[in-house]
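These notes concern the structure reproduced below.
Every heavy atom of this structure was used, including side-chain atoms; hydrogens, water molecules and symmetry mates were not. First the proteins, then the strands, lettered A, B, ... as listed; each starts at 1.
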Amino acid sequence: MSIVLETRQVTKNFGGLMAVNRVDLVVPERAIASVIGPNGAGKTTFFNCVSGFYTPEEGQIEFQGQSLVGVPPYQIARAGIARTYQNIRLFPAMTALENILVGRHSRLKTGLIGAIVRPSAAVREEQTASQYALELLDLVGLMGEANTLARNLPYGDQRRLEVARALANDPTLLMLDEPTAGMNPQETRDMMAFILRIRDEFSLTILLIEHDMRVVMGVSDQVSVLDYGVKIAEGTPAEVQANPIVIEAYLGRPTE
Amino acid sequence: MRSRFVTTLFERIRSDVPAMQWFLRGLTGLLIIALLVIPLIPFQQQALWVRVIGYTGLYIVLGLGLNVILGFGGLLHLGFVTFYAIGAYTYAILASDLFGYHLSFWVVLPLAATLAAFTGILLGIPVLRTRGDYLAIITLGFGEITRILITNLRSLTKGSQGIIGIDDPVLFGVTFDSGTHYYYLIFAFAIFVIFITTRLSNSRVGRAWNAMREDEDVARMTGINTGHYKLLAFAVGGFIGGLAGVIFAAWQGSIFPDNFNLFVSINVLCLIIIGGVGSIPGVIVGALALIALPDILRQFSEYRLLIFGLLLVIMMILRPAGFLPSKRLQIELGQAREDPPPDNAASTTGGKAS
């Protein structure tokens with residue numbers, strides 16, 4: 001099985017605070033890899049390094065054998081990495097359909113002249129894209145909401161729309177940052193089933209940040225634990241759960 | 001107190017009822033026909049009206065140009081007059097007695113507009129990384145630099161003496177030498193610019209601009225090359241501003257540095273804001289309110305400013321987002337804050353239902 005994402009010794013610090021400290025991670029194709037850890041452990045910062053929002057000070061990030069360090073975010077997206085955000089970040093004043101079409105941006109070609117002249121190729125491309133966007137809306141259960149502004153959607157719908165926007169990019173690697181945050185147990189179970197389903201339907205490799213242990217244990221093939229920016233453990237869900245270091249750092253804390 | 005009646009009236013006009021859409025289309029058609037025949041049927045003060053409407057049309061073109069930069073791209077550009085000036089001076093230099101070049105209007109028009117577009121890109125490159133207030137201040141500076149340059153580059157622009165005797169366009173043997181000719185010229189260009197900006201707005205390009213305006217960081221991580229799209233917005237806006245400049249120079253027949261002062265930029269900005277940022281019909285309404293109305297009210301000159309001020313106040317109370325706000329009026333003019341990184345940003349989507 002080939003490796004989709006590999007990071008070596010990735011380090012990012014903010015003025016002396018080591019947010020991510022020498023993190024190694026290997027994600028094989030079509031795996032669901034989870035990154036867990038207490039609040040402030042550096043999980044999202046690690047995501048931001050992979051998606052190009054931050055450039056790590058040290059270390060290597062390779063996506064399908066290509067280095068991502070220093071590559072601008074839009075090219076990383078184009079290469080096939082899509083993500084969602086811990087605090088939903090849709091384009092609030094655009095409709096649900098438009099949000100998905102923006103997600104598909106790098107798979108479309110129409111430029112300035114094409115947009116003005118509208119040759120048949122551009123018209124066809126737009127139709128095909130809209131059709132696909134509607135299918136994705138249907139997939140996430142938002143069929144009737146195509147023309148609703150994103151900010152007017154209920155919270156759970158916004159979360160699912162964000163996943164649909166990410167899927168529109170035809171990603172190889174999908175990074176989900178706490179997809180079940182703020183969801184009730186039933187919604188959480190639905191989201192777990194949904195994650196497994198899209199992994200199979202879209203042949204995805206998924207990198208997941210999650211706080212909810214039931215989700216992590218339920219869907220992950222491998223789990224990596226971060227604490228203060230350092231990877232302190234890694235393994236199958238069962239191994240990690242039994243690891244005393246992890247229990248001490250994370251699982252055993254009543255405050256979590 | 002907010003007037004319920006007026007507000008609901010506007011809500012109704014904007015509703016998606018098919019009958020209302022047909023009504024609006026019919027109204028637009030009638031308006032276009034009325035505008036087309038105004039110069040043909042004689043009436044009192046016709047010349048004044050033709051001039052005022054022509055002038056308003058020119059500002060509609062300018063407004064649509066800035067609307068691409070500010071309304072679509074979300075880039076607060078306060079030096080839009082630069083593009084207008086470049087268009088006007090390019091035509092004036094290449095089609096007047098000044099150097100004896102008398103190039104055709106139709107040759108200079110695309111040339112001057114392209115030059116303005118390139119200026120947009122050139123000025124855009126250094127300010128790519130600035131946002132909000134900083135961008136506004138830098139572009140404000142560019143606008144003033146333009147005026148100072150054309151005042152002082154005497155060998156090229158004759159400075160404050162201005163360039164006079166600018167050629168009229170000739171089309172199919174007809175020389176454009178009356179207000180009516182220019183009226184139709186401007187009308188045609190306004191329609192042309194409305195057409196291209198509408199098409200741009202409903203396209204992959206327009207969506208990319210919108211996304212960039214709403215959340216630049218997320219747009220980048222979604223695959224949009226925001227640097228490219230910012231420069232594209234400056235280029236398209238510059239092109240349109242350049243077009244307006246060429247037409248202005250030909251129409252006036254003489255231009256002076258003072259035609260390109262700060263107030264041109266401010267006026268264009270205001271008409272966009274009054275009409276509704278990002279909205280193409282809004283630009284038209286804004287130009288009517290800000291350019292046509294003051295001119296028509298000139299006969300009541302003592303009360304002109306009073307009426308104008310009153311209108312602005314009423315406007316701001318009733319329609320703070322503009323007369324015809326765009327579907328997404330989320331423009332954040334004062335977005336000087338650097339957006340926090342995606343991990344600890346406050347949700348920008350939740351709870352703003354309106």
Answer with side chain, backbone, both or neither: which region of [X] has an atom nearer than 4.5 Å to a non-hydrogen atom of chain B?
X: K109(A); value: backbone
X: I76(A); value: neither
X: R165(A); value: side chain

Contact summary for [X] and [Y], nearest pair of heavy atoms:
X: H105(A); Y: A208(B); answer: CE1-CB, 3.6 Å
X: F53(A); Y: D217(B); answer: CE1-CG, 3.4 Å
X: G223(B); Y: R78(A); answer: O-NH2, 3.4 Å
X: V205(B); Y: L112(A); answer: CG2-N, 3.9 Å

Can you tell me if F118(B) has over 12 outside heavy atoms packed within less than 6.0 Å of its CZ?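 No - once you tally the heavy atoms of other residues, nucleotides and ligands closer than 6.0 Å, there are 12 at most.
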Does atom CZ of F23(B) have more than 12 heavy-atom neighbours from other groups under 6.0 Å away?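 No, CZ of F23(B) has 12 or fewer neighbouring heavy atoms, counting only those of other groups under 6.0 Å.
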Euclidean distance, [Y] [atom2] relative to [X] [atom1], rounded to 0.5 Å:
X: I100(A); Y: R207(B); atom1: CD1; atom2: CZ; answer: 11.5 Å
X: M221(B); Y: R89(A); atom1: CE; atom2: CZ; answer: 6.5 Å
X: R104(A); Y: R204(B); atom1: CZ; atom2: CZ; answer: 11.5 Å
X: T222(B); Y: N99(A); atom1: OG1; atom2: CG; answer: 9.0 Å
X: N202(B); Y: E126(A); atom1: CG; atom2: CD; answer: 9.0 Å

Quick one: does D215(B)'s side chain get under 4.5 Å of L90(A)'s, heavy atoms only?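 Answer no - side chains too far apart.
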For a 4.5 angstrom cut-off between non-hydrogen side-chain atoms, does V218(B) reach Y85(A)?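 With C-beta onward as the side chain, the pair touches.
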If you count heavy-atom pairs under 4.5 Å between each of R118(A), K43(A), E178(A) and chain B, which one has the most?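 Top count of heavy-atom pairs under 4.5 Å with chain B: R118(A).
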Using non-hydrogen atoms only, which part of I224(B) is less than 4.5 Å away from chain A: side chain, backbone, both, or neither?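 Contact with chain A: backbone and side chain both.
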